[in-house]
Structures are given as C-alpha cells and as structure tokens.
Asks: 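One structure is given below, represented as structure tokens, and several questions about it will come after.
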Amino acid sequence: MRDPLSVLTESFTSFLFGKVETTRLPVRTSTGQAQAVYLPTAAPGLGDSGVIIGREVYSGKGYIYDPFQLYGQQLPAPHWLVLGESGNGKSALEKTYVLRQLRFRDRQVVVLDAQGEDGAGEWNLIARELGITPIRLDPTAALDQGIRLNPLDPAITTTGQLALLRTIIEVAMGHGLDERAGFALKVAHAYVNETIVERQPVLTDIVEQLRHPEPESAEAMNVDIDDVRAWGLDVALVLDRLVDGDLRGMFDGPTTVGIDLDAALTVFDLSHIDRNSIAMPILMAIVGVWLEHTWIRPDRKKRIFLVEEAWHIINSPFVAQLFQRLLKFGRRLGLSFVAVVHHLSDVVDGAAAKEAAAILKMASTRTIYAQKADEARATGRVLGLPRWAVEIIPSLTPGIAVWDVNGNVQVVKHLITETERPLVFTDRAMTQSSLDFADDALRAAELEAEERAAAFMEQHLGDSSESTVA
C-alpha cells in the first residue's frame, strides 16, 4: 500500500503542473534477444548467390561466397589465397568448396594435390567417390607405362612450348638463360618441330639436337657450329635429367592417351614427388602451361584451378611469371585460381618477391586461418588487413578464419555436413571413436568461438551489449 504522504504530494503536484510522466519498470532480457535494438552488429554479407561456406561468427548469418557471382562490381578478380598453419581447416575448406561448386553444371575443377599419405593423395577419396581416377605423376610408375605429359604436345602452341622449355631449364638452373643458351634452345626447338611430323616430338629430340646442332643454324647467325654446340651444352644437361635422370618417365614421351580434361573434376596426384625437391616447381610449370593450352577454352564454363603447396609457384620467379600470364589470360575465360600457402613469409621474403607481390595483388579474396602473432602481423601488413582482424588471427580456433573479400572483412565459421565429413577428414589412422572425438572437438570449438565473439563485442561495443535495457 502506498504512503499517504506520497499520494498527497503527487496529487498536489498534478494539480499545479499537470499529470507527471508515467514511470516504466526496466525490462530485463538477454543480449541475444535485445540485439535488434542495436542493429549494426555485423558487416553486410556477399549476397545469396553461390555456395554456402558457413556462418559469420558475430552475427550468426549464413556466409555465401562465389567468385563467379561476385566478379565485376564486388570483386575485381576471381582469384583466391588461403593461408594458415596446418591443422586449422584449410584442407577441409578446399574440399567442401569444390564439392559444393561441382553441384553447378557449368563448373570444372583441376586440383594439383601435392600432399598425401599411405601412397595416395589427399584428394583420393573425393575422386573415388565421384568415379574419377587421379592422374598420378610418379617417376617410378612412369617407367612402367605410367602417366606422361609431353611439354612438346602439339596441343600447346609453338610459342608456349618454347616458353615452357625455358622455364623448366631456368627453374632447374636457378637463374635465367643467357642470350647464347637461349639461341641454342630456340634453333633446336625450331628444327625439331619442322622435321618431326609423323609423331609427337619429345624431349629426347631436343636433347639430341642440342648435342648435334645442324650447320644451317650456325650459318644463319654467322657463327661457328662448335660455338652453338657449346652454348647448348648446359641446356642439354638439364633436359637430360627429364629424359634419363631422376625425373625420367613423366615428360619424355607422348602425352598419355585417355586423360579426360572434360570431366567435372581432374586431380593431378603429385604426392609421390618430394615436395622440397626441384622437381615440384618444374612439375607445377609443366602442368600449368599444359592446362593453359589444353583445358582452358572459351566455352562459357567456369573453371577452378586449385593448387596445394602453392609456394612452389609463387616462390620461383620463372614459374610465377608463367602463372601471372595464366591468371591474366584466364580471367577473361572464367578461371578462378586458388592458391593454398602455409606462411606468407615463405614467399614475400623469397627470391620471387616481385612476382609474388603481383600474384597476391591478383587475389581479391584472402582467407586467413590461425597463425602465430608475428606471422599474423606480417600477413596483416602485406594484405592490408584491419587491426582488429590481425589481433584475433592468433586466437582463431580450427575451422574459423578471417575472410577478406575485396575489403569486406568478416570472421567465418566453416560448416561441414555429415555427408562431407568422411570425405574431408582423410586421416587413414582415424577410427570411429576418433570421429566421435572430432565431433566433440568441433562442438567445443563452436562454443569457444561464441564465447570469444561475445567477449569481443563487449570489449568493442561497451554498454550496447548490456543485458538490461530500460
């Protein structure tokens, strides 16, 4: 019951000044229910056309991304860079992204699979599920009727063949060809293409011509035949490695009949090649140029070229130059290049810093998984990430990444369906119990991500996240 004095005072005040404003009791609610009061809690999304990636952590909205849908006004280039330490979800993202893209009929994907275990590449399960046999490049298998890719395949233009031969030699030698060695290679290549017409020319023909040049090639430049032979000696020794050395069998014969580049998915299994050897960038160069001339066509199809261990490309000046041309050329024909790299410092501080910067500039989409603090700061400087994004990168849990799509920066939780899970987690040692453990770890990671998001919101938004709203 109200105090009589208070009632009398209120009545007297109302008589003099009119009715006082009604006082409302405070409404107690949760931040989740009251978030509509403070609308700008997350950046706008990328639209609703494309493939679902997961959900934006701070708002819970679905996150949809497709470079072909965004290309133009929102995205100046369809190329994509994926960064992060091992074990944080890069591989799972790539695989589910490809599986979801393949649901569109006008998509084609080529994967250079440089990782694997138990004698098979990481993408072996997905290829098998789709009824596809990976193209396994293996020096030992190649000697026993294995897969061959011919750098002198007639499907590659004459100019492309010569550029590819130069790149192979320059990668192996570690420096560019001088004018004299380049001349010897050019005349040997021209002679082989002019004289061998009844079959595919092969590298053995080039090596033989370098060792025994024709007198006409020397006379054309008014030089001695012995000089031309000497100029081409180092070139012949490098190419001989592909013919009779540790890389023999993969490139020293006609291209294997039956390689189906019209399939929705083509996987080049490079897991049998030592990823730290000179063979890997040579393989990347050969496969890249071979695809440029045999796979990319003006047929309105959208193509994705995904490269694991892409630092073999970006860290070699000569291979990077080839891929720069491929990226510029492919943009007109619907090609999205996806480069997967563990550490950006592997490439920006390497011998191909200039070429690496050019390729990174073409990648308008950047996805960064957890990195150490020093690496995150270096990555942020190179990619121009906002400070808040750099600060949270070291604390990201597996499956969560910072996405920068042409300046639209969001934190995204990648979601994997139960159908995709057995194809994505390909550890041969995984048992059913460890699958259950992985599910528990995923749930724990999601809970931790939500807690981190709430803490971040409270720190940066202040009183707007209070649970009591008057």
Side-chain angles (χ1 to χ4, degrees), residues 67 77-84 86 90-99 101-102 107-116 121-124 126-127 134-137 149 164 167 171 261 265-296 302-331 333-344 346-348 350 352 355-356 358-369:
H79 309 307
W80 180 15
L81 176 69
V82 183
L83 293 167
S86 297
K90 297 193 307 296
S91 179
L93 173 66
E94 301 154 22
K95 291 172 182 174
T96 56
Y97 175 73
V98 167
L99 286 170
Q101 281 282 3
L102 290 177
R107 301 292 197 263
Q108 278 192 315
V109 181
V110 163
V111 175
L112 298 194
D113 183 5
Q115 303 188 69
E122 262 198 318
W123 288 75
N124 185 61
I126 289 178
I135 301 171
R136 182 169 299 165
L137 293 171
L149 296 178
L164 181 53
T167 299
V171 169
L261 290 178
L265 174 66
T266 304
V267 177
F268 286 88
D269 184 351
L270 312 181
S271 61
H272 286 249
I273 310 297
D274 181 0
R275 68 183 65 176
N276 295 313
S277 74
I278 197 66
M280 190 62 79
I282 291 177
L283 277 167
M284 295 283 189
I286 291 176
V287 172
V289 174
W290 193 73
L291 288 173
E292 176 186 346
H293 291 271
T294 58
W295 180 55
I296 301 175
K302 306 297 187 295
R303 292 180 168 88
I304 300 168
F305 186 16
L306 190 151
V307 182
E308 302 264 15
E309 300 288 337
W311 66 271
H312 293 293
I313 292 172
I314 305 176
N315 206 33
S316 167
F318 313 109
V319 181
Q321 288 168 9
L322 277 179
F323 272 78
Q324 277 182 257
R325 187 186 75 246
L326 174 63
L327 268 59
K328 291 178 181 178
F329 174 76
R331 190 162 56 180
L333 298 176
L335 174 70
S336 173
F337 174 65
V338 184
V340 184
V341 181
H342 291 289
H343 306 288
L344 201 56
D346 290 340
V347 294
V348 297
E355 291 79 5
I359 289 180
L360 292 177
K361 188 176 180 180
M362 293 182 188
S364 299
T365 301
R366 296 88 169 263
T367 301
I368 304 96
Y369 283 89

Asks: Locate the shortest heavy-atom distance separating A127 from P134; write the atom from each residue and the value.
Replies: CB-CG, 3.9 Å
Asks: Measuring from F318:CZ to T167:OG1, what's the distance to the nearest 0.5 Å?
Replies: 8.5 Å
Asks: Does any non-hydrogen side-chain atom of L322 lie less than 4.5 Å from one of V289?
Replies: yes
Asks: Measure the spacing between CG of L265 and CD of Q101 and express it to the nearest 0.5 Å.
Replies: 12.5 Å
Asks: Within the 3.5 Å criterion, strictly below it, is a donor on W80 or S336 matched to an acceptor on the partner's side chain?
Replies: no
Asks: Quick one, V287 with V110, criterion side-chain contact (heavy atoms from CB on, under 4.5 Å). Give me CA distance, side-chain angles, the key distance, then yes/no.
Replies: CA-CA 10 Å; V287 172; V110 163; 5.6 Å; no
Asks: To the nearest 0.5 angstrom, please state how far the CG atom of D113 sits from the CZ atom of R136.
Replies: 9.5 Å
Asks: Below 4.5 Å, heavy atoms only, C-beta onward: do F305 and I296 meet side chain to side chain?
Replies: no
Asks: State, to 0.1 Å, how close Q324 and I359 come at their nearest heavy-atom pair, and which atoms those are.
Replies: CG-CG1, 3.8 Å
Asks: For the CG atom of L326 and the CD atom of Q321, what is their distance to the nearest 0.5 Å?
Replies: 14.0 Å
Asks: May I ask you to test the S86-H342 pair for a side-chain heavy-atom distance under 4.5 Å?
Replies: yes
Asks: Compare all side-chain heavy atoms of V98 with those of I126 and state whether any distance is below 4.5 angstrom.
Replies: no
Asks: What are the two closest non-hydrogen atoms of T96 and L93, and how far apart are they?
Replies: OG1-O, 3.2 Å
Asks: Could you give the distance from CG (L270) to CE (M284), rounded to the nearest 0.5 Å?
Replies: 6.0 Å
Asks: Which label fits F337 and F323: parallel for a plane angle under 30°, tilted from 30 to 60°, or perpendicular past 60°?
Replies: tilted
Asks: Could you tell me if the side chain of L335 sits less than 4.5 Å from the side chain of W295, heavy atoms only?
Replies: yes
Asks: What is the distance from atom NZ of K302 to atom CG of L333, rounded to the nearest 0.5 Å?
Replies: 10.5 Å
Asks: I need the minimum non-hydrogen distance between P67 and P78, along with the two atoms involved.
Replies: CB-O, 3.6 Å
Asks: Any heavy-atom pair between the side chains of H272 and L137 that's under 4.5 Å?
Replies: no
Asks: Determine the minimum heavy-atom distance between K90 and V340, stating which atoms define it.
Replies: CE-CG1, 3.9 Å
Asks: So, do L149 and I135 sit near enough that their side-chain heavy atoms are less than 4.5 Å apart?
Replies: no
Asks: Of the options V111, L99, L306, I304, which is the one that meets E94 in a side chain to side chain contact (heavy atoms under 4.5 Å, CB included)?
Replies: L306
Asks: Write down the atom of A285, the atom of V319, and the distance for their closest heavy-atom approach.
Replies: CB-CG2, 4.1 Å
